[in-house]
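Just below is one structure, and these are the notes that go with it.
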Amino acid sequence: MCEDNHGGLARRALFVTGAAAALTLGSVSFASAADGDQETRTVRGTLPPGSPDFVYVPVEVPAGVREIKVAYTYDRPSVPAGTTGNALDIGVFDDRGTELGGRGFRGWSGGARTEFFLRADDATPGYLPGPVREGTWHIALGPYTVAPQGLSYEITITLTYGEPGEAVEPVYPPERAKGRGRAWYRGDCHLHSWYSDGRRTPAEIGALARAAGLDFINSSEHNTHSAHAHWADVAGDDLLVMLGEEITTRNGHVVALGTDPGTFVDWRYRARDNRFGRFARQIRRAGGLVVPAHPHATCVGCNWKFGFGEADAVEVWNGPYTPDDEVTLADWDSMLVASVRGERGWIPAMGSSDAHRDPDAVGSPQTVVLADDLTRQAIQEGIRAGRSYIAESARVALSFRASGGRGEHAGIGERLTVGRDTPVTVRLEVTGAPRCTVRFVTDQGVLHTSAPLPVAGAGVVEWRTTPSYAAYVRAEVRHEAAAGPVPGPLAAFTNPIFLGR
């Protein structure tokens with residue numbers, strides 16, 4: 001074993017890659033060895049508060065390496081209340097380099113694992129199997145937070161020499177399942193397996209999705225597409241599995257929904273770097289949708305800073321309904337108001353579970369989409385058009401329509417084209433929402449609130465208005481409030497119906 005100490009601030013270069021500043025340390029070198037032999041190097045150093053977002057440790061990999069294995073540890077000192085402690089993420093780039101959006105990415109586990117390996121025929125979840133080629137590799141460290149005392153780390157790199165194993169050709173899930181033609185399909189588009197920081201296998205998630213009454217799901221691991229080749233056995237005639245990624249930047253998270261198999265989207269930038277538009281366009285070129293996730297979440301780095309100009313939809317409801325979801329709902333409603341004023345186009349809402357592990361419930365909430373068939377393209381078209389509503393579970397079902405006096409009618413995400421003073425009837429049919437209250441929300445605020453639904457959970461609520469009084473109407477189904485005038489948590493809500501010409 002050989003040791004190399006990078007010290008407190010020892011570095012080779014501090015550079016900007018068109019993204020956040022990154023620090024590159026001195027290289028770690030190995031000498032060639034015979035088949036079956038192993039060589040190990042240990043690197044130690046300390047990162048101070050204010051370190052760059054990414055710190056790269058170059059590793060000179062000689063020819064003839066069968067496997068590379070990396071393990072790391074770092075200190076977690078006690079800190080005063082309200083002060084951030086140490087959190088250090090890790091990943092790796094191969095001999096093709098660390099260029100932003102380049103081809104060198106080989107895996108990322110964030111803070112979910114303390115070690116990983118790669119070889120031609122296999123890799124740790126979160127990492128991509130493939131050849132360990134000769135050249136300069138880079139271990140990528142992400143000091144997510146650094147304590148005032150600094151962050152001391154130790155990295156152990158082990159190379160195993162020998163003939164590479166036989167590479168495995170990836171198999172991806174089909175883009176079509178056996179649908180019901182034009183129908184309402186239920187899905188959960190934000191899920192995590194053990195291929196990032198989740199604790200469930202794809203098979204376990206598939207079983208939970210079916211039990212939750214889902215028709216489709218979307219793979220969305222943090223900053224890696226390594227799970228894409230592991231969903232084929234989960235998909236079936238009854239379950240469409242779309243592929244994507246949760247791009248987890250330091251200024252917010254975005255779900256790439258339904259991209260082409262094998263699509264990797266880089267995350268190493270902040271809002272000030274003016275790079276998000278480039279990668280949003282990459283998501284669309286790969287056939288996916290751009291969906292900002294939990295925009296007002298309170299976790300470090302979760303609050304959305306990139307604006308919504310590139311969004312195809314926005315995740316308004318994430319997991320169990322909490323105050324940050326209520327803030328996001330209000331923010332989204334303000335964007336709807338701006339859209340009817342002609343200040344911007346409207347962005348449909350979505351809801352997803354963001355489930356990671358027990359007891360996180362897959363399919364709570366879920367997005368219910370009116371689509372022409374159970375295919376990737378049809379589901380995406382329904383989401384993009386806003387022909388959807390969000391429900392806390394498969395027990396809740398809604399039918400929401402607006403009609404004029406001469407047989408005109410429109411559904412969720414559509415426009416009822418009638419004159420400004422034409423009487424309009426809005427009708428919501430609900431099942432599976434016992435003792436819930438229905439609210440009709442417009443650009444003028446909440447204009448109608450129903451009495452509680454019966455204990456059986458089914459009911460019909462109607463309201464009459466005109467386009468001059470309400471430019472859009474959307475429905476909320478809410479549980480009973482715990483106390484006072486504060487509205488209870490959502491059981492379901494719809495995208496709007498627009499009224500007028």
Side-chain angles (χ1 to χ4, degrees), residues 15-23 50-56 84 87-93 98-102 104-105 107-112 126 138 140-146 189-192 195-198 218-227 244-257 259 263-286 288-315 318 324 328 331 347 350 352 354 356:
F15 65 96
V16 174
T17 61
L23 175 68
S51 289
D53 286 349
F54 301 100
V55 176
Y56 297 105
T84 57
L88 184 63
D89 295 343
I90 196 166
V92 70
F93 292 77
T98 61
E99 179 186 2
L100 186 66
F105 176 78
W108 183 257
S109 50
H138 290 83
L141 301 177
Y144 199 62
T145 55
V146 179
C189 294
H190 186 169
L191 294 158
H192 296 280
Y195 285 91
S196 59
D197 62 343
N218 180 68
S219 171
S220 54
E221 309 295 356
H222 293 286
N223 298 341
T224 180
H225 59 296
S226 67
E245 180 186 336
E246 183 178 6
I247 298 96
T248 307
T249 80
R250 300 298 181 89
N251 286 161
H253 303 183
V254 60
V255 171
L257 197 167
T259 52
T263 298
F264 166 66
V265 185
D266 214 321
W267 76 98
R268 295 170 293 158
Y269 43 86
R270 289 180 181 254
R272 65 181 179 228
D273 300 318
N274 198 28
R275 291 294 184 269
F276 176 68
R278 167 187 168 185
F279 292 100
R281 291 188 292 274
Q282 180 197 353
I283 292 169
R284 292 196 189 92
R285 285 196 303 271
L289 301 184
V290 178
V291 184
H294 45 66
H296 290 283
T298 57
C299 45
V300 175
C302 290
N303 198 260
W304 184 251
K305 301 292 188 183
F306 294 96
F308 295 92
E310 297 284 354
D312 296 304
V314 58
E315 188 184 73
N318 175 276
D324 61 276
T328 305
D331 193 26
I347 304 171
M350 293 184 62
S352 298
D354 198 2
H356 284 69

Next item on the list: Would you mind reporting whether N251 and R272 have side-chain heavy atoms less than 4.5 Å apart?
Entry: no
Notebook entry, point to check: Does one side chain, of D354 or H192, offer a donor that lies under 3.5 Å from an acceptor on the other?
Noted result: yes
Notebook entry, point to check: If every non-hydrogen atom of A112 is compared with every non-hydrogen atom of S196, which pair is closest and at what distance?
Noted result: CB-O, 3.6 Å
Check: Would a 4.5 Å heavy-atom cut-off, applied to side chains only, mark R250 and W267 as touching?
Finding: no
Notebook entry, point to check: Between T249 and F276, is a side chain to side chain contact (heavy atoms under 4.5 Å, CB included) present by the stated rule, with each step listed?
Noted result: CA-CA 10 Å; T249 80; F276 176 68; over 6 Å; no
Margin query: How long is the straight-line distance from CD of E310 back to CZ of R281, given to the nearest 0.5 Å?
Written below: 6.0 Å
Next item on the list: For residues P292 and F308, determine if any side-chain heavy atom of one lies less than 4.5 Å from a side-chain heavy atom of the other.
Entry: yes
Next item on the list: Using distance alone, with no hydrogens and no angle criterion, decide if D197 and H356 have a side-chain donor and acceptor under 3.5 Å apart.
Entry: yes
Notebook entry, point to check: Roughly how far apart are D312 CG and L289 CG, rounded to 0.5 Å?
Noted result: 5.0 Å
Margin query: Please determine whether side chain to side chain contact (heavy atoms under 4.5 Å, CB included) holds for the pair H225 and T263, giving the CA-CA distance in whole Å, both sets of side-chain angles, and the decisive distance to 0.1 Å.
Written below: CA-CA 7 Å; H225 59 296; T263 298; over 6 Å; no
Item checked: 4.5 Å side-chain heavy-atom contact, E245 and N223 -> yes
Item checked: R270 and K305, any side-chain heavy atoms less than 4.5 Å apart -> no
Next item on the list: Would you sort out whether F279 and I247 count as a side chain to side chain contact (heavy atoms under 4.5 Å, CB included), showing the intermediate values?
Entry: CA-CA 10 Å; F279 292 100; I247 298 96; over 6 Å; no
Notebook entry, point to check: Taking atom CD of E315 and atom OG of S220, what is their separation to the nearest 0.5 Å?
Noted result: 8.5 Å
Check: When rounded to the nearest 0.5 angstrom, what distance separates CG in L23 from OH in Y56?
Finding: 10.5 Å
Checklist line | Nearest atoms (heavy-atom pairs only) where A140 meets F93 | finding: CB-CE1, 3.9 Å
Notebook entry, point to check: If we only count heavy atoms from C-beta on, is the Q282 to D266 side-chain gap below 4.5 Å?
Noted result: no
Check: From E246 CD over to L191 CG, what is the distance, rounded to the nearest 0.5 angstrom?
Finding: 10.5 Å
Checklist line | Side-chain heavy atoms of H190 within contact of V291, under 4.5 Å | finding: no
Notebook entry, point to check: So do the side chains of S109 and I90 get within less than 4.5 Å of each other, counting heavy atoms only?
Noted result: yes
Notebook entry, point to check: To the nearest 0.5 Å, how far apart are SG in C302 and NE2 in H294?
Noted result: 5.0 Å
Check: If you look at every heavy atom in P295 and V314, which pair is closest and at what distance?
Finding: CG-CG2, 3.8 Å
Item checked: Criterion side chain to side chain donor-acceptor pair (under 3.5 Å) against H296, the qualifying member of D331, D324, N318 -> D331
Next item on the list: Provide the closest heavy-atom pair for N218 versus C189 in the form atom of the first, atom of the second, distance.
Entry: ND2-O, 3.2 Å
Check: Does G126 offer a backbone N or O that forms a donor-acceptor pair with the side chain of T224 under 3.5 Å?
Finding: yes
Next item on the list: Go through the steps for R278 and L100 under the test side chain to side chain contact (heavy atoms under 4.5 Å, CB included), then give the verdict.
Entry: CA-CA 11 Å; R278 167 187 168 185; L100 186 66; 4.1 Å; yes
Margin query: Measuring centre to centre across the rings, with the benzene-like ring taken for any Trp, is F264 within less than 6.0 Å of W108?
Written below: no
